[in-house]
Participant: 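Submitted below is the structure of interest, expressed as structure tokens.
Labels below follow one simple rule: chain letters A, B, ... track the order of the sequence lines, proteins then strands, and each chain is numbered from 1.
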There are 2 protein chains.
Amino acid sequence: MKKEATYFGVKEIARRANVSIATVDRVLHNRSGVSEKTKKKINDIITELDYQPNILASRLASKKIISLAVLIPRVSEETDFWEAPLRGISRAEAEIRKYGIQVSEHFFDLNDKHSFETQAQLVLGSDVQGVLLSPTFLDESRDFLQKCHDRKIPFVLIDSDVPDLDRLCYIGPHLFQSGYVGAKLLTYRLKENHKVLVLNISQEADSYNFMQIEEGFRAYFSDHQQPCEIIRSDISHTDPLSITRDLTRILHEHSDLEAIFVTNSRVFAVAAFLKKAARTDISLIGYDFLKQNITYLKEGLIDFLICHKPEEQGYRGMMALYQKLVLGATIEKVHFMPIDIITKENQAFYQN
Amino acid sequence: MKKEATYFGVKEIARRANVSIATVDRVLHNRSGVSEKTKKKINDIITELDYQPNILASRLASKKIISLAVLIPRVSEETDFWEAPLRGISRAEAEIRKYGIQVSEHFFDLNDKHSFETQAQLVLGSDVQGVLLSPTFLDESRDFLQKCHDRKIPFVLIDSDVPDLDRLCYIGPHLFQSGYVGAKLLTYRLKENHKVLVLNISQEADSYNFMQIEEGFRAYFSDHQQPCEIIRSDISHTDPLSITRDLTRILHEHSDLEAIFVTNSRVFAVAAFLKKAARTDISLIGYDFLKQNITYLKEGLIDFLICHKPEEQGYRGMMALYQKLVLGATIEKVHFMPIDIITKENQAFYQN
DNA sequence: CTGAAAGCGCTTACAG
DNA sequence: CTGAAAGCGCTTACAG
């Protein structure tokens with residue numbers, strides 16, 4: 001029971017090229033100090049042998065450590081959405097730590113742009129070779145990412161995209177299509193009035209996320225020529241009291257509302273309100289597999305949750321950096337997450 | 001940039017125990033030939049240091065190869081469902097090959113129990129240390145697995161379970177709940193008659209899979225006291241002609257059918273029939289992300305597909321064996337797959 | 001029952 | 001521009 005004897009390693013390459021393995025190593029890593037002639041000879045042999053480096057041996061022998069920085073929102077009292085990506089990040093971290101990779105985690109406050117800038121500064125101050133970022137604050141993120149770009153630090157975006165930047169990759173939802181799915185699901189619940197509310201509960205009222213989702217949502221109805229009155233509303237103060245106040249007003253103005261589509265994870269706040277207000281006749285759709293959302297889903301107050309595998313976003317984001325930096329792999333520029341549909345019936349087996 | 005100096009390896013253990021690293025290695029792998037006293041001393045130090053072996057170094061140094069066998073249905077003309085698990089298996093294989101793991105793949109014919117037995121014999125004849133199996137043929141699988149058990153070969157089941165066996169783990173759907181979800185989805189499409197057909201297109205009419213799914217399906221209606229007439233029917237000849245003939249008869253008998261729930265991936269055959277018969281008024285739900293199914297989903301002939309991540313089942317199944325055999329990890333006895341809901345709108349981003 | 005030594009396929013100073 | 005040698009943290013004969 002021996003490993004296949006057909007494995008060709010640096011030793012064999014060196015033998016065939018009549019050089020030492022040190023020289024082979026230089027060529028393998030594009031290090032300088034090799035004559036063009038030797039280089040070509042070695043590269044030819046590498047191609048011929050279809051040489052696959054043994055990563056285990058490589059990482060074992062190397063004493064270099066690679067440090068990555070993570071920059072995402074802090075888990076807050078208002079929403080624990082960011083728990084999931086963080087879980088994925090930690091899982092990836094545990095897996096790649098043994099390859100000599102170190103991760104520093106930086107958290108900012110969703111309600112405080114300044115905290116983002118502070119953390120971004122910290123990241124730039126430390127000597128990192130890769131960055132994972134949620135570009136929640138668009139302008140501030142651009143500044144930061146421009147600096148990363150200047151320093152040739154590759155970065156991965158999760159949760160939402162900034163398409164015009166030269167990112168290593170984006171891992172997250174196709175927001176437009178996600179809104180489209182939301183609209184479709186909502187039609188299952190529509191009865192006579194066909195009057196629905198699109199609700200954005202967030203400090204960033206004009207966020208790219210929200211606009212994309214709403215566009216997709218509206219597109220569904222225009223594509224299908226379904227008559228439907230769509231009201232939209234922003235709730236930019238995200239504390240429970242403000243939400244209650246605003247919702248009371250909206251429902252007063254539009255008492256014949258049939259359904260509400262919440263464009264992010266704060267749908268539980270709406271569910272809580274509807275429950276208290278005894279308006280369980282209103283259908284409710286929103287985002288994300290949060291404990292609070294699941295509770296209302298089970299109670300039947302929320303009809304559907306849409307989810308984009310936030311844990312996997314974190315995990316894959318880290319692995320993309322690892323694959324790029326350690327294995328030198330080519331990374332797909334965009335990796336859209338599935339648009340998962342969660343109901344009371346299938347929630348028990350959902351994997352974030 | 002050095003790796004943390006705080007890593008304790010066999011060398012440090014040996015130093016502290018005043019023995020050689022060979023002796024430490026013996027204790028680490030429960031090999032014989034170490035005095036109880038030394039053994040205890042070493043084990044204490046291992047505990048104290050919370051020693052984590054470096055798998056990279058371990059696999060690099062070891063020349064042992066571990067061979068695993070896969071025993072699943074062949075991709076047939078009738079359905080290419082098994083393409084997906086095989087993809088997952090190959091992906092896992094590529095990942096763990098470098099750790100000295102070899103995989104032999106064995107395929108049997110879904111319409112031929114004998115071919116299963118032939119392949120099972122082959123597996124038992126080769127010297128394997130782990131098995132991945134789809135227990136499609138229940139009795140024959142039992143025989144085979146009993147022999148594996150006698151030889152202390154761990155095995156993983158995917159796609160469907162045989163709960164009373166001492167398997168390493170089961171990775172697949174919770175069938176009952178999956179049927180329950182199917183029923184729920186179906187109610188979105190029900191209008192007046194509330195008359196539905198449960199259809200099992202398979203040679204194995206009495207299969208465990210089918211019965212579990214149907215039970216879940218029926219349970220939904222009884223749980224919700226929804227009046228619904230449920231017809232059930234088996235089509236045991238799975239060629240297109242037989243299916244057409246049987247469906248023609250059924251629709252003739254029950255012209256007021258509102259919906260059909262197909263309990264496996266052969267829903268495309270029903271969709272093709274309904275299309276030809278111009279019975280697009282009938283709602284259709286079935287299983288699995290097959291190319292043919294997706295085509296009909298896009299056309300609107302199929303309303304929902306339920307899917308249990310077959311590719312991931314294959315991948316995880318292999319990784320479970322790897323983790324058990326190479327890393328000595330403890331494996332969860334059951335890993336239920338999510339019950340994914342696929343519609344025309346979200347299919348583009350689905351990940352098998 | 002125990003240990004010294006070679007080796008897995010790489011990387012890394014160091015010397016020339 | 002190039003090579004000899006040590007070493008990464010383990011495993012494996014082999015010798016005693």
Participant: Excluding sequence neighbours, so at least two apart, what forms side-chain hydrogen bond (donor to acceptor under 3.5 Å, both in side chains) with Ser160(B)?
Facilitator: Asn209(B)
Participant: From Ile45(A) CD1 over to Phe8(A) CZ, what is the distance, rounded to the nearest 0.5 angstrom?
Facilitator: 11.5 Å
Participant: Sequence neighbours excluded, which residues qualify as ring pair (Phe, Tyr, Trp, His ring centres under 6.0 Å) partners of Phe144(B)?
Facilitator: none
Participant: Roughly how many Å is it from CG in Leu28(A) to C1' in dC10(C), rounded to a whole number?
Facilitator: 10 Å
Participant: Considering residues at least two apart in sequence or located in another chain, which fulfil the ring pair (Phe, Tyr, Trp, His ring centres under 6.0 Å) criterion with Tyr315(A)?
Facilitator: none
Participant: How many Å lie between CD1 on Ile65(A) and C1' on dC8(D), as a whole number?
Facilitator: 16 Å
Participant: DNA chain C: stems of at least 3 consecutive Watson-Crick or G-U pairs, cut-off 3.5 Å?
Facilitator: C:1-3 with D:14-16, C:5-12 with D:5-12, C:14-16 with D:1-3
Participant: Kindly state which residues belonging to residues 32-39 of chain A come within less than 4.0 angstrom of DNA chain D, counting heavy atoms of the residue only, listed by number.
Facilitator: Gly33(A), Val34(A), Ser35(A), Thr38(A)
Participant: With His106(A), which residues qualify under ring pair (Phe, Tyr, Trp, His ring centres under 6.0 Å), at least two apart?
Facilitator: none
Participant: Can you pull out every salt bridge (charged side-chain N to carboxylate O under 4.0 Å, His left out) where at least one residue sits in residues 116-125 of chain A? Sequence neighbours excluded, please.
Facilitator: none
Participant: Look at the side chain of Ile21(A) and decide which nucleotide, out of dG3(D), dC10(C), dG9(D), has an atom nearest to it.
Facilitator: dC10(C)
Participant: For Tyr170(A), check ring pair (Phe, Tyr, Trp, His ring centres under 6.0 Å) against everything at least two apart and list the hits.
Facilitator: none
Participant: Looking at Ser20(B), does any N or O in its side chain come under 4.0 Å of the phosphate oxygens OP1/OP2 on dG3(C)?
Facilitator: yes
Participant: My understanding is that only residues two or more places apart in sequence, or in another chain, count here; which of them pass side-chain hydrogen bond (donor to acceptor under 3.5 Å, both in side chains) with Asp50(B)?
Facilitator: Gln52(B)
